[in-house]
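Report on the following structure.
The chains referred to below are lettered A, B, ... by the order of the sequence lines, with proteins before strands, and numbering in each begins at 1.
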Number of protein chains: 2
Amino acid sequence: MESEIAVKRLSALAQEGRLAVFKLLVQAGAEGIAAGEIARRFGMPSNTLSAQLTILSNAGLVASRREGRSIIYTACYDGMGELLFYLTEECCQGRPEICAPFLSPTAACCPPGENDR
Amino acid sequence: MESEIAVKRLSALAQEGRLAVFKLLVQAGAEGIAAGEIARRFGMPSNTLSAQLTILSNAGLVASRREGRSIIYTACYDGMGELLFYLTEECCQGRPEICAPFLSPTAACCPPGENDR
DNA sequence: GAAATATTTCTATATATCTGGAAATATGGA
DNA sequence: TCCATATTTCCAGATATATAGAAATATTTC
């Protein structure tokens, strides 16, 4: 991953509201949660939340799909995994095999099939 | 970890310059690198770098020790590990054992003894 | 097609962050 | 003590981010 993307993802997560939203979506799994429902849970105006979701989405950390009138957001586990890998890949004098094999971008956080976008 | 600390750490890493400095220190290991040497490598004014290091330090991502006239900075692998754990701990419907056992705060990124503060 | 619901886009204001010049502080050596 | 080196602190201007009101867009239902 390029550092530019890593910074974008880190920035997206570096805010109380967005981090809370992201964690909620991470917990929610593949089913996801509608934008309105998220706003309701956090008592946030819908337009404010929409801006937050756009930032997370542009960073590749969440995805969305329309379902009727609602737009359902889900966490992108792959995007998260790539970031975790980037943060640790060159640890220990460039010998990532020591500490980060389990963090490889292909090692999905959730069981296969559960986190397909 | 409290979300406030997570946000602080994410914010600290969410900037090109600081992320590069942090990765450099992660690669450097326990030996660390002097502030001046870091500034030289990145062609950064010393006061600008100092501000960046202060932010990383306040976030608990780097530590420093004085050695003669120089101040040596090192990565805090534990602080990093805690953050990674926080980001993944409630993944998969609150069953972290599925995806994050290897990310536990006690699972050091580097071999034991190499990353003691 | 009109009304209700869900979400986004436009826009502006407030707030926070980034950067580096200049001065201050700390250490080591002559 | 005086000077050179290493780093930090103070400060201010430029830039970026956060928030939300109002209007616009999209979808379903009647």
Can you name the nearest heavy-atom pair linking A/R65 to A/E67, along with the distance?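 So the minimum-distance heavy-atom pair works out to NE-OE2, 3.0 Å.
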
Over how many whole Å does the gap from [X] atom [atom1] to [N] atom [atom2] extend?
X	N	atom1	atom2	value
B/Q52	D/dT9	CD	C1'	15 Å
B/E16	C/dC18	CD	P	12 Å
A/R40	C/dT7	CZ	C1'	12 Å
B/E37	D/dA6	CD	P	11 Å
B/I72	D/dT8	CD1	P	11 Å
B/N58	D/dT8	CG	P	12 Å
B/I55	C/dA16	CD1	P	14 Å
B/I38	D/dT8	CD1	C1'	14 Å

Candidate nucleotides [options], ranked by approach to the side chain of [X] - the nearest:
X	options	answer
B/R69	C/dG29, D/dT27, C/dT8	C/dG29
A/I71	D/dT8, C/dT7, D/dA18	C/dT7
B/R66	C/dC18, C/dA26, C/dT19	C/dA26
A/T54	C/dA26, D/dT7, C/dT9	C/dT9
B/N47	D/dA6, D/dT8, C/dT9	D/dT8

Residue met sooner reading DNA chain D from 5', once B/A35 and A/A51 are mapped to nucleotides: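 Looking at the nearest nucleotide for each, B/A35 comes out on the 5' side.
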
So which one's nearest nucleotide on DNA chain D is more toward 5', A/G68 or A/A14? A/A14

Would you say [X] places a side-chain N or O within less than 4.0 Å of OP1 or OP2 belonging to [N]?
X	N	value
A/Y73	C/dT8	yes
B/S50	D/dT8	yes
B/Q15	C/dT19	yes

Decide, yes or no, whether a salt bridge links B/R18 with B/E16 under the criterion of side-chain N to carboxylate O below 4.0 Å. no

Is the shortest distance from a Lys or Arg side-chain nitrogen in B/E37 or B/R41 to a carboxylate oxygen in the other one below 4.0 Å?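 Yes, charged N to carboxylate O under 4.0 Å.
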
Please step through side-chain contact (heavy atoms from CB on, under 4.5 Å) for the pair A/Y73 and A/L56, ending with a clear verdict. CA-CA 10 Å; A/Y73 280 86; A/L56 286 168; over 6 Å; no

Applying a 4.0 Å non-hydrogen cut-off, can you work out what [X] is touching in the nucleic acid: base, sugar-phosphate, or nothing?
X	answer
B/A34	sugar-phosphate
B/R18	sugar-phosphate
B/S70	sugar-phosphate
A/T48	base

Would a 4.5 Å heavy-atom cut-off, applied to side chains only, mark A/Y86 and B/L19 as touching? yes

Does the side chain of B/L24 come within less than 4.5 Å of B/I33's, by heavy atoms? yes

Would you mind pulling out the nucleotide paired to D/dC30, Watson-Crick or G-U wobble, both distances under 3.5 Å? C/dG1

